[in-house]
Amino acid sequence: MRIAIVNDLLLAVEALRRVVSSAPGYRVCWIARDGAEAVRKCLADRPDLILMDIVMPVMDGAEATKRIMAECPTTILVVTSTLGGNFANVFEAMICGAVDAVKTPELGKNGNVDGGKPLLAKINAVERMKEMLERSATLMSGVLRHDETAAKSDSSTVPIVAIGASTGGPNAVVDVVSRIPQDLNVAIVIAQHITVDFAPGLASWLSEMCRRVVRLAKTNDIPHAGDVLLAGTNDHLAISTGGVLHYTPDPLETPFRPSVDVLFGSLAAHWRSPGVGVVLTGMGRDGAKGLLTLQEKGWHTIAQDEKTCVVYGMPQAAAENGAAKQILPLHDIGDAIVRAVHKLSLL
């Protein structure tokens, strides 16, 4: 895999270069010191992956991501050490098309690199995702293991709006959640592909943008009306018998974490009251199989349309397998959810 590094700090560049070079099959194809240089180099030589810093001179990482995705779409992973006070810029880059974010590894005084494993794990996940897309494989085949009796458990009857998103997802989630009245008798549960380090910041950012409380889901939480819960670890968020949330590392093989398919599949198995399942913008196929399972259990299912997606991957997969009852532009999804909830409440 040919990987480009965009960072203005020499120590950060060296740490990234060492991490990339340490893994077989990975090599650095070019280095840019600011976002503007990155745009120029990407146009001349498009890599398989760009490791994009956020805070840089001339042009920051968010603007560079926006321009690259518009002029020569490329897989971009945000790599930044400035977490505190910089979440908005990270999420802006993700809105523009970055697939995820991870902390920058550090080069220690002894010459060793600290924090390289999480970065390598993300790079490996991107590589596996690309391979899966090239093979047009069904990502989560065999993952949704549940028995039919599970749906008869004593879980809550409050409808759930289950939302799955990836690339470009934060902004799409804001649009959808902001259009759902806070007094609507639903709980909202969100699986957004994001590294655990950035999950608390995403919850805070969503709260600010949506003007309602969005918090990280905790083990043993039971969703109640008015809750907006965000998956908040590198494990998968799922619901078990009795409507209790928990995290699970399985399936280990999926590069998408937290998995939308796992959340949707568990809801189909264990949440008694049908709700609404939504797949928003994102790269890959995660969520398509789970959305189909929800539809088969009587849930109303929606996928975002191609025109309003940053990346038309996950919603396209849901459309192709017949999982989505409605395929809608982003600005219509919130109102469609409200109508579906009212209709389900009359059944």
Side-chain angles (χ1 to χ4, degrees), residues 1-35 38 47-57 60-62 64-65 74-94 98-130 166-167 170 192-205 216 230-236 247 249 252-258:
M1 177 182 280
R2 301 174 67 252
I3 300 173
I5 296 172
V6 184
N7 201 299
D8 64 310
L9 301 178
L10 292 177
L11 286 178
V13 170
E14 179 59 20
L16 292 168
R17 188 194 64 77
R18 291 190 187 187
V19 171
V20 170
S21 301
S22 69
Y26 299 159
R27 68 180 181 89
V28 176
C29 58
W30 50 260
I31 296 170
R33 304 297 184 185
D34 60 66
D48 297 309
L49 174 66
I50 297 175
L51 305 181
M52 179 73 74
D53 190 21
I54 286 295
V55 179
M56 294 180 291
D60 64 25
T65 298
T74 308
T75 304
I76 297 174
L77 177 63
V78 171
V79 184
T80 180
S81 59
T82 53
L83 294 179
N86 196 41
F87 288 110
N89 290 333
V90 171
F91 300 137
E92 184 181 352
M94 294 183 68
V99 296
D100 205 342
V102 67
K103 291 183 69 174
T104 308
E106 296 181 357
L107 189 63
K109 294 181 179 179
N110 58 2
N112 294 328
V113 178
D114 298 323
K117 288 184 178 180
L119 174 59
L120 279 178
K122 285 296 178 184
I123 294 173
N124 183 255
V126 169
E127 184 178 37
R128 285 187 289 152
M129 175 179 63
K130 286 176 172 287
S166 186
T167 316
Q192 162 73 50
H193 297 158
I194 193 167
T195 301
V196 62
D197 293 331
F198 294 87
L202 177 58
S204 297
W205 184 82
L216 298 182
L230 174 71
T233 78
N234 282 337
D235 287 332
H236 310 300
Y247 288 95
L252 295 173
E253 66 273 13
T254 174
F256 302 103
R257 310 186 79 85

Indicate yes or no for a side-chain donor-acceptor contact from R18 to the backbone of G116 under 3.5 Å, with no hydrogens or angles considered. no
Close side-chain approach of I194 and D100, heavy atoms under 4.5 Å: yes
Working to the nearest 0.5 angstrom, can you tell me the gap between L119 CG and K122 NZ? 10.5 Å
Just so I know, are the side chains of L230 and Q192 near enough to count as touching, which here means a heavy-atom distance under 4.5 Å? yes
Testing the basics here: between A12 and T104, what is the closest heavy-atom pair and its distance to 0.1 Å? CB-CG2, 4.2 Å
Considering all heavy atoms, the nearest S22-V19 contact: OG-O, 2.6 Å
For T65 and A98, the nearest pair of non-hydrogen atoms, with its separation, is CG2-N, 3.8 Å
Looking only at heavy atoms, what is the nearest atom pair of P105 and A15, with distance? O-CB, 3.7 Å
Distance in Å, L77 CG paired with M52 CE, rounded so as to fall on 0.5 Å steps: 10.5 Å
Any residue meeting salt bridge (charged side-chain N to carboxylate O under 4.0 Å, His left out) with R17, in chain and number order, not counting sequence neighbours: E14
A side-chain contact here means heavy atoms from C-beta on lying under 4.5 Å apart; do L16 and I31 qualify? no
For A231 and A199 the tightest heavy-atom approach is O-CB, 4.5 Å
Any sub-3.5 Å donor-acceptor pair from T233's side-chain atoms to D235's backbone N or O? yes
Output for pair (Y26 OH, D48 CG), nearest 0.5 Å, gives 10.5 Å
If you look at every heavy atom in V90 and A101, which pair is closest and at what distance? CG1-CB, 3.7 Å
Side-chain donor/acceptor of R257 to backbone N/O of P249, under 3.5 Å: yes
Look at the side chain of N7 and the backbone N and O of V13, then say whether any donor-acceptor pair between them is shorter than 3.5 Å. no
Could you tell me if the side chain of T254 sits less than 4.5 Å from the side chain of H236, heavy atoms only? yes
Taking the side chain from T75 and the backbone from L49, do they hold a donor-acceptor pair closer than 3.5 Å? no
Quick one: pull up CZ in R2 and CD1 in I50 and give me the separation to the nearest 0.5 Å. 10.5 Å
Does Y247 have any side-chain hydrogen bond (donor to acceptor under 3.5 Å, both in side chains) partners at least two apart in sequence or in another chain, and if so, which? none
With rounding to the nearest 0.5 Å, note down the distance linking CG in D53 to CG in L9. 6.5 Å
